Each structure stands twice: as C-alpha cells, then as structure tokens.
Amino acid sequence: MKLLFSSWFGDIVDNRGKEPSDYADVRGIKQFPADFGGGRTATAYMGWGGIVLLSEPYDIVELTYEYARALQASSCAKCFPCRTGTKVIEDILLGILEGRGTAEDLSHLARLCDSVSSNSKCGIGQLGPVALEHALKYFAGDFAKYISGERKRSGFQYPWKMTAPCTSACPTGMDIPLYIEYIKDGNPAGSLSTIREASPMACSLGRACFHPCENNCRRANVDQPLAICKLKRFAWDYEDLRDAEKPANPNKHKRPEKVAMIGAGIASLAAAYYLANKGYRVTIFEKLARSGGAIRTGIPHYRVPNEALDREIAYIVSLGVEIKYGVHFGKDETFKSLRDKGYKVIFLGTGGDLSKKMGADGEDAGYDGFYNGIDILKQVKIGTDPVPKRKRVLVVGGGNTAMDCARTFRRLGSEVIIVYRRTEKELPADPHEVYESKEEGVQYMFLEAPTKIIAQNGKISGLECQTMELGEPDASGRRRPVAVKGSEHVIPADCIISAIGQDCDIFYLKEDPNIKITKWDNPVVHPDTLQSDVADVFAGGDCVTGPLTLVMATGQGRRAAQSILQFLEGKTVAISDEQRVENLIAAIGAYDKKEKVSMPGGWKRQDMPIISHDLKVNSFEEVELGYSQTQAMEEAARCMRCYIVGMASVTSKESGEGK
Ligand SMILES: Cc1cc2nc3c(=O)[nH]c(=O)nc-3n(C[C@H](O)[C@H](O)[C@H](O)COP(=O)(O)OP(=O)(O)OC[C@H]3O[C@@H](n4cnc5c(N)ncnc54)[C@H](O)[C@@H]3O)c2cc1C
C-alpha cells in the first residue's frame, strides 16, 4: 500500500518529501481506510505496531501525547513500570506540547519507553511504547519545533480503542484477557459478569463457539493457543453448579417503551438481554414452542444439553424479558399489528431454517428414509415422535450440520457415511467436529455428488452419485468439483439426509417493500448499526448474514441493542468513534502469525476431560465434562494479556492546515 510513512512492525518506509507517484510501497498493510465516517478523514494512526501516516495534515507530537494518555488510561495498575512509567511519559509529553519542553526531555522519554517496554507484564506496557519510540526517532524535527515554540497544538480528534488480538477477532468484542484473569485470580463470578458485558450466552458459547479468538491468540506463537472457549464454559458452569445468586435487574420494566423481537434465537436473546437491563419491555415472538433457536433445534444434546440451555435462557427471562411461543411472524403478527399494539421497535432475528435442496431427482418424492438435516436434528432434539432406526445412513454435505447429523445417527446405532463432493481438504466443517466424527466411527466418501434418490416401494434403497474431480477454484476460492462423465453409480443405503446448507425464510418482508432484500434473501441493514431502511426495524444474526455462527449472531444482537437504544432515546443511530477504531484495528489485523514472541514455550494447554468412548457413541450424554477449578486456573495462567491500543488521528474535511 502507498503511504506517506510507516514504521509498522519496524519496517520503515518514509515517503515524506516525495511526490505520491514516487512513493515506495508499504508491505504488510493491505488496507487503511482514510474515510473515518461523519465526513471526517483519518490521516494518521498509532498503535502497537508503530506509526502509519496516510496524508497531511497530522501532528505527530499531539498524537504521541494522546497515545501516551490512552496507554496510561488503559494501564491496569497491577504492575508498577507500566502504571507509573506511562504517567511520567504522558506528563513530559504534555510539557512539550505546552511549550515547557527541553531537549533533555527527548532522551529522558526514550529511556523511559525502553524501561517500560522491558519491565512491564502485559501488552499495554510491553507493546505500547514501541510507537512512542518510533515517534521520537523518526520525527525528532517535529518535537524540536514544539520545544522551540515554533509549533502549537493542532486540536485534531484522537479516537482510540484498547483491545487485544483475541478480542479483535471476536464479533462480540469481548474483553477476553480480563475474563481469563478473573479465573486465574479465583473469581469465576467476576469472569462471568465480564463475559456478560459482551454476550449473555456464556453457557452455549462456552460449549459450541467456533472460537475465532483462538486463531488470533499470541500464545500460539509461543506454544499453543489458550483454551479461551473452554474457560468461558468454566466461568458459567462454576456459577451455575453453585446456583450462585443471579444478579437482579434493578431497572426491570422501568421504561414504558415496548420492543418486539422476532425469533427466540441467540441474536434476539442477546439484544433482549441488553435492552431489558436498560429497563425496556421486551417481548420475543417465537413460532416454535421452545426458545434457543438453532442451539435448541440443531446443535445436538451431546454438545449443548437442553437443561443447560434452559437455565441460560431462564436467566435472561428473569431480567424482564417475555417470550411468546407459537407466534409465527408474518402470519399471526405483522409489522402493522405489532406497531398497532404499541411496539416502538421490531428486531428481526429469524435465523435461517429452510433446508437447501440437493438438486437430486426424487428428493421431494416423500420417500421413507429421506430427511432434511435441520428437520431431523430438530426431531431428535425436541420432537415428540421417535426417529425410526436406520441401518445405513448417507449424510450429504460437509458442513457442521452434516457433522451433527452424522454424529447423531451414530448415536442412534446406524452405520453413517458422509458423502461430500470435494475432498477432505475442502470440508467446511470445524476441524474439531471432523475429528470427533471420525473418532466416533463416521465414514467418509469424497468426490461424490448425488444425482438421484433410489427407492423401492416408497422406501429408500440407495443414492445415485457421480464421481467428481476438482477443477479451477470457484468464487469461494475452493476448487470447483467437476463431474466425471459416465461415472454414475449407486451407494446402497436405507436413509439419506440432505445437509448442504440453509436459507432464510423472510416471507414476512413482503408486507413492507421499503425493507430491501439482498440477492440471497436477507434483509438489508447497515453493517454496523443493523438498522434497516425502515427506521424502527432492525435485524441481526443468521437472517442477515446467512447461516453463520453463534458468536456472530450474539455479537450482532448486542450491536443492534446499542442502536435500538439510540433510536429509543431519540438520538442519531450511528456507531461510536471507538467502534470505528475497533473496525479499523480488525481491518488492519491485530494478530501477526509470524511475530516472534520471546518467551519460553512448552506450557501445554489443558486437556478437556470427556466421557468414555462407549458412552459417547451409545448415548446423547454431553461429551465434554468441563475443566476443574485447578485446571481452569492453570490454563488461565497461560494468558499473556496481549492488550493493545490503537488510535486514529482524525480531521474534519474542512479542518485547518495542522502541519
Ligand atoms: C445443526 C446446526 C449446528 C450448528 N452448530 C454450530 C456450532 O457448533 N457453533 C456455532 O457457532 N454455530 C453453529 N451453528 C450456527 C448457529 O446455530 C447459528 O449461526 C445461530 O443459531 C444463529 O442465531 P440466530 O438467532 O440468528 O438464529 P436462530 O438460532 O436460527 O434462531 C431463529 C429463531 O427464529 C424463529 N423464527 C424463524 N422465523 C420466524 C417467524 N417468522 N416468526 C417467529 N419466529 C421465527 C426460529 O424458530 C428460531 O427459533 C449451527 C447451526 C446448525 C443448524
């Protein structure tokens, strides 16, 4: 990328004084948006990796002071070098800004930065001063101008955000190092309340989250990533098992305004939680007789037990959330009927529960032994009729729903084969799920695409497939499967499960043509505020993103709640500057896989105790048993608290010259 200056990760590219056409390229930075929103321009950036300048105007001395101030505000006071050192740095920089600085201040600052970096115990102190050192080294002339009185403050804006690589990867923005530290300190209650600031669903997330945070864990650069997800489960289990007093909601129903949520999945539950805590009257309308969305109807009991989910949702309800069951929005209630009943906001959290078609002949013929993946999982988990015993089950698909179907039917005593049209390398399912499925005896047939369901007397006897080979990569980047001519063959089976994906059923949007719809049949909302083109309608979760993840849906639920609050309070619905910086940090990338972290490794992560293999394949008992307190504290102690601060220098388009 072409930039005016960059010292990011010590790779110095200095284009000051050159024509833009002569700028040398900055490697390692793919994007740095100059549009900061609200008609403002970001011209500079300071963070854990160093300094990036996009364009003038900027004021590096003012930016350095503001950054030191942010470090000081982020310092936790647990280690002296960081807490005190950053304060002294801040004071010296303020003196320079106010024209009281001396040349000696600069060498004093350089020594202080080095000392704070070398002696602090976490990312704020260790990584924060790097950018300050770069400023002193590469912008000495700017400091000299302030010291000589030639230069005065510019008064730009400096929005900032403290985050961590793990936090930055989490769609909820959860303060992961803090909840882990609470566990290390023997305070699971503190940990759980920290988790709940970002999501009320610690039980479900701690059991089934695909934990993008662990892919951004700097501990992996030393030995193995921290078991962030399993520690979340520990915090919830610990409090749940001890039936710890649930925090009451002091604001319960204090506000008169009513909010309607459609669908009782994790997106609505999260949004409801934050609005109820603020005193709003929230009613969730759910078409089924049970709440929890796909956690209840899709994710099998052996991964998230019903009783645990019940207790998790009961807690949200206890804060003042009402759930009305058996209400199908679009039929039993509409936008108009809810508005007529006084609901000020309608949040759409209807997920995606329509099975995609395989495109094989006979899949709509109603043969005995043919199921859609999400329907059969629902029947096993909450259905009233028992599922008939099947001998040989073919599960078509390679995603997580396919894994859940396969593992479920193993538990029901069937021989199970996953039929997938690409190779193992392209399987989209979570690798842990693939591993577990194999462990439980699920077999795989790769490079097979279904063409026809074979049945005799209305009962399935096999699946006709074509052999595939991999061609050029498609839009998803994966190699496209291409059918081998004349390769049709039949795989015998008495049951076929189609698990190739889901669509969203948004038929209810026909009522309001002002809400736009994407080509994938999702309501169009602002990506940050989640507000639709109709001011009182918001949406989040799978119905917006298409089938995705629990953590994305709960993150969007929280974001939507923040926007709904603004709307109800009559404010402009917009994201905060802090969130803009958060987005910026995520775009730049807060984690560097190649970073050399100088620390002795070899401290392995704690293994999760599990039930016996026999019990695993012959029952729906929860497989993972959870960490003991000793294990959790030991695992938590591996956290390196990689907090970082990112700050943008922002000018309005009309702003003055600055530099
Ligand atoms: C089998 C399966 C396994 C999965 N495993 C994982 C996993 O391990 N980890 C992970 O992170 N993600 C997993 N996912 C994805 C995850 O479950 C979803 O991303 C998440 O549940 C989406 O939450 P949501 O609230 O947007 O929608 P949902 O959870 O789908 O909830 C939507 C709710 O809206 C209700 N509803 C729909 N239409 C209407 C209407 N018109 N009126 C009233 N109510 C309505 C539905 O009945 C449902 O209760 C899995 C999904 C499936 C299907």
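Atoms within each ligand, like the ligands themselves, are counted from 1 in listed order. All values below come from the heavy atoms of this structure, side chains included, with hydrogens, waters and symmetry mates left out. This is a predicted model, so every value here is computed, not measured.
The shortest heavy-atom distance from Arg290 to ligand 1 is not under 4.0 Å. Ligand 1 has Leu288 within reach: a non-hydrogen atom of the residue lies less than 4.0 Å from it. No heavy atom of Asp332 sits closer than 4.0 Å to any atom of ligand 1.
At a heavy-atom distance under 4.0 Å, no atom of Asp505 approaches ligand 1.
In this model, no donor atom of one side chain and acceptor atom of the other lie less than 3.5 Å apart for Ser199 and Tyr273. No side-chain N or O of Ser193 forms a donor-acceptor pair with one of Tyr182 less than 3.5 Å apart.
Between Ala553 and ligand 1, not a single N/O pair is under 3.5 Å apart. Where the criterion is an N or O separation shorter than 3.5 Å, residue side chain and backbone included, Gly540 fails it with respect to ligand 1. At least one N/O-N/O distance between Arg303 and ligand 1 falls below 3.5 Å. Ligand 1 has a nitrogen or oxygen under 3.5 angstrom from a nitrogen or oxygen of Asp542. Polar contact with ligand 1: absent for Gln502 (N/O pair, distance under 3.5 Å). Close N/O approach between Ser268 and ligand 1 is not found [any backbone or side-chain N/O within under 3.5 Å].
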All N/O donor-acceptor pairs, side-chain side in residues 308-318, below 3.5 Å, sequence neighbours left out:
residue: Asp310; atom: OD1; partner: Arg296; partner atom: NH1; Å: 3.0
residue: Asp310; atom: OD1; partner: Arg296; partner atom: NH2; Å: 2.7
residue: Arg311; atom: NE; partner: Asp240; partner atom: OD1; Å: 3.0
residue: Arg311; atom: NE; partner: Asp240; partner atom: OD2; Å: 2.9
residue: Arg311; atom: NH2; partner: Asp240; partner atom: OD2; Å: 2.8
residue: Glu312; atom: OE1; partner: Ser204; partner atom: N; Å: 3.3
residue: Glu312; atom: OE1; partner: Ser204; partner atom: OG; Å: 2.5
residue: Glu312; atom: OE2; partner: Ala202; partner atom: N; Å: 3.2
residue: Glu312; atom: OE2; partner: Cys203; partner atom: N; Å: 2.8
residue: Glu312; atom: OE2; partner: Ser204; partner atom: N; Å: 3.2
residue: Ser318; atom: OG; partner: Tyr315; partner atom: O; Å: 2.6

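The single protein non-hydrogen atom nearest to atom 50 (C) of ligand 1 is Ile299 CG1, 4.3 Å, given as residue, atom name and distance.
Residues in residues 501-532 take part in these ring pair (Phe, Tyr, Trp, His ring centres under 6.0 Å) pairs, two or more places apart or across chains: His328-Phe507, Phe329-Tyr508.
Ligand-side atoms of ligand 1 in range of Gly349: 32 (C), 33 (C), 34 (O), range being under 4.0 angstrom from any heavy atom.
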